[in-house]
Amino acid sequence: MGEVTYTISQAAKMLGVESHVLRFWEEELELDIGRNAKGYRVYTKENIETMQKIKELKKTHALKDIRDILGGKDQRNQQFFEIMERIIQKTIEERNNPEHHCRNIDKAIRNHQQVRKLVAATQENQKGRTERKEKSGRQKNKGKR
């Protein structure tokens, strides 16, 4: 039985990206994606794993940097895994740092305070409109008497 392969739409769905993104990455990063007898792209499990790593790297790197990271085909996997390992390790260390949690809490408090100020300002604005409408309506009623 042959290796399991996926169409571009299946691969895109698995990776949570659009198909055109995979085509773009393939072209820009000069990736070797197989084709079936009809010429359609077919993605292997290894291709999907590579694309997932590219997706993760895209969060912190430009495609030209990722191309440099991938380098030649001989060095591609070794360099890629080393860099991914460093990124993952840095992320884990950052998340485990209590200072990181405090910064996130402070940021959440600031955001909450900004939202409260906006809500209060909106309520004041609407209250002012209502009062002006009521005052205008009373003045019109006085004029009719």
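Only this structure's heavy atoms are used, side chains among them; waters, hydrogens and symmetry mates stay out.
Ion pairing of R67 with E28 is present here, as a side-chain N (NZ or NE/NH1/NH2) and a carboxylate O approach within less than 4.0 Å. A salt bridge links R35 to E26: at least one charged side-chain nitrogen sits closer than 4.0 Å to a carboxylate oxygen.
W25 and Y40 end up in different hydrophobic clusters when Ile, Leu, Val, Met, Phe, Trp and Tyr side chains are linked at under 4.5 Å. Grouping the Ile, Leu, Val, Met, Phe, Trp and Tyr side chains by contacts below 4.5 angstrom, directly or via other members, places I48 with F24.
Between M84 and K53 the shortest heavy-atom distance is SD-O, 4.1 Å. Minimum interatomic distance between L22 and I8 (heavy atoms only, all atoms of both residues): CD1-O, 3.9 Å. Heavy atoms only, all atoms of each residue included: M51 and Y43 are closest at CE-CE2, 4.0 Å. In terms of heavy atoms, S19 sits closest to S9 at OG-CA, 3.9 Å.
Using a 4.5 Å heavy-atom cutoff, the side chains of K55 and V17 are in contact. Under the 4.5 Å side-chain criterion, counting only non-hydrogen atoms from C-beta, V4 is in contact with Y6.
Here the CD-CD distance, from Q89 to E93, works out to 5.0 Å after rounding to the nearest 0.5 Å. To the nearest 0.5 angstrom, Q52 atom CD is 13.5 Å from N47 atom CG. Of the inter-residue distances, the one linking I87 atom CD1 with E85 atom CD reads 10.5 Å to the nearest 0.5 angstrom. From I66, atom CD1 reaches atom CD1 of I54 across 6.5 Å, with rounding to the nearest 0.5 Å. Taken from CG in N96 to OG1 in T91, the straight-line distance is 10.5 Å, to the nearest 0.5 Å. With values rounded to the nearest 0.5 angstrom, K58 atom NZ is found 9.5 Å from D65 atom CG.
Other residues, nucleotides and ligands contribute only 12 or fewer heavy atoms inside 6.0 Å of the CD atom of E18.
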